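Everything quoted here is computed from the prediction, not taken from an experiment. The chain is numbered in sequence order, starting from 1.
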Amino acid sequence: LAGSICAAQHSSGESENNGSSASDELLVEYPASFFRRYQPATALDMLRQLPGFQIDNGSSDRGFIAAAGNILVNDVYPSVKQDSPSAYLARISANQVARIELIRGQVRGIDLQGQSQVANVILRADLPPVVRWDAYVRQHSDGPLKPGVDTSLSHRWNEIDYNVGVRIEREANGERGTDTFFDGNGIAIEESFVNQRTTGIDLTATINASTLIGQTLTQFNTRAHYE
């Protein structure tokens, strides 16, 4: 079980879409309708189609400010200490996104943190809680089947943006084949057939939440893993 709480100064303005930008060179807006041709399922799918943009998730080993990456959500940088911004956006349904802004300069007081450009994902505020789930089955070589379910819930409650995710997968591994043993002269002296299988449960749970307290952004991130 791991968790973290981060706080950082924030001085941006409101995240409303007033249909205009400070400058065509500093900010380019891409409404959700722009991405429909790609049939995105998540906010991450949309971000991957943003023209001229390459995702940088930052790093968790240099502190929050130095490792923010180039992705914002509603004008603020997600923490990368327990979950990458990409993983966070992968749990947000595409219909929650109002627009994505490509920012190349000072807009609404947003600090680019040394990046040449950042992507700002603006979420809709008029939606009820969104639940997303995926069911899948995987198999590696001769191992047993590994069914799994990945679910998440995203919402905004009392000025707090939060996302809860749970992934459950059958942990299964197997080995099947023939083992041959040789002596020092390279002559086969023994041969045996191997057919081994092990199974279990792999469970991962994540919670991410953020809110502005005055001009201070406070974030809580935690991740628990069991197998």
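One hydrophobic cluster, built from ILVMFWY side chains closer than 4.5 Å, cannot hold both Val131 and Val166; they sit in different ones. Grouping the Ile, Leu, Val, Met, Phe, Trp and Tyr side chains by contacts below 4.5 angstrom, directly or via other members, places Tyr38 with Ile55. Criterion: ILVMFWY side-chain heavy atoms under 4.5 Å apart, direct or through other members. Under it, Ile207 and Val149 are not part of a common hydrophobic cluster.
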**Asked** Can Asn70 and Gln117 be said to form a side-chain hydrogen bond (donor to acceptor under 3.5 Å, both in side chains), step by step?
**Response** CA-CA 7 Å; Asn70 63 356; Gln117 62 181 7; over 6 Å; no

**Message:** Before you tell me yes or no, could you show the steps for Gln96 and Arg124 under side chain to side chain contact (heavy atoms under 4.5 Å, CB included), namely the whole-Å CA-CA distance, both residues' side-chain angles and the distance that decides it to 0.1 Å?
**Reply:** CA-CA 5 Å; Gln96 289 184 265; Arg124 294 174 57 184; 5.6 Å; no

**Request:** Go through the steps for Tyr162 and Leu153 under the test side chain to side chain contact (heavy atoms under 4.5 Å, CB included), then give the verdict.
**Result:** CA-CA 8 Å; Tyr162 69 89; Leu153 182 147; 3.4 Å; yes

**Asked** Going through the distances and angles, do Arg91 and Asn208 end up as a side chain to side chain contact (heavy atoms under 4.5 Å, CB included)?
**Response** CA-CA 11 Å; Arg91 294 193 296 270; Asn208 302 276; 2.7 Å; yes

**Request:** Give the intermediate values and the outcome of side chain to side chain contact (heavy atoms under 4.5 Å, CB included) for residues Gln39 and Asp45.
**Result:** CA-CA 9 Å; Gln39 299 181 329; Asp45 294 336; over 6 Å; no

**Asked** Checking side-chain hydrogen bond (donor to acceptor under 3.5 Å, both in side chains) for the pair Gln49/Tyr30: CA distance, chi angles, key distance, verdict?
**Response** CA-CA 11 Å; Gln49 301 299 332; Tyr30 294 88; over 6 Å; no

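Judged purely by atom type and a 3.5 angstrom limit, Asp183 uses its side chain to pair as donor or acceptor with the backbone of Asn185. Proximity of a side-chain donor or acceptor of Asn120 to a complementary backbone N or O of Asp75 within less than 3.5 Å is detected. Between the side chain of Ser152 and the backbone N or O of Gly165, no donor-acceptor pair lies under 3.5 Å. Of the possible polar contacts, none joining the Tyr136 side chain to the Lys146 backbone as a donor-acceptor pair under 3.5 Å is found. A distance-only check finds a donor-acceptor pair linking the side chain of Ser84 to the backbone of Ala87 [under 3.5 Å].
The CD1 atom of Ile100 lies 12.0 Å from the CG atom of Leu72; values are rounded to the nearest 0.5 Å. Atom CD of residue Gln115 and atom CG of residue Asp56 lie 5.0 Å apart, to the nearest 0.5 angstrom. A distance of 9.5 Å separates OG1 in Thr204 from CD1 in Ile168, rounded to the nearest 0.5 Å. Atoms CG and CD1, from Asp161 and Ile92 in turn, are 8.5 Å apart once rounded to the nearest 0.5 Å. In this structure, the separation between CG on Leu123 and CG on Asn74 is 4.5 Å, given to the nearest 0.5 Å. Atom CG of residue Leu26 and atom CG of residue Leu102 lie 11.0 Å apart, to the nearest 0.5 angstrom.
In this structure the side chain of Asp150 never reaches within 4.5 angstrom of the side chain of Trp133, judged on heavy atoms. Using a 4.5 Å cut-off on side-chain heavy atoms (C-beta onward), Val97 and Ile122 make no contact. For the pair Leu27/Arg108, a side-chain contact is recorded, criterion being any heavy-atom separation below 4.5 Å from C-beta on. Side-chain contact between Ile71 and Tyr88 is absent, with no heavy-atom pair separated by less than 4.5 Å. At least one side-chain heavy atom of Arg104 sits less than 4.5 Å from a side-chain heavy atom of Val28. In this structure, the side chains of Phe53 and Leu47 come closer than 4.5 Å at one or more pairs of heavy atoms.
By the ring pair (Phe, Tyr, Trp, His ring centres under 6.0 Å) test, Tyr226 is found to be paired with no residue, residues two or more places apart in sequence or in another chain being considered.
The shortest non-hydrogen separation linking Leu50 to Ala119 is CD2-CB, 3.7 Å. Nearest heavy atoms, Ala94 versus Pro40: CB-O, 3.6 Å.
The cationic atom of Arg36 (NZ for Lys, CZ for Arg) does not lie both less than 6.0 Å from the six-membered ring centre of Phe34 and within 45° of the ring axis.
A salt bridge is absent between Arg170 and Asp202: the closest approach of a Lys/Arg side-chain nitrogen to an acidic carboxylate oxygen does not fall below 4.0 angstrom.
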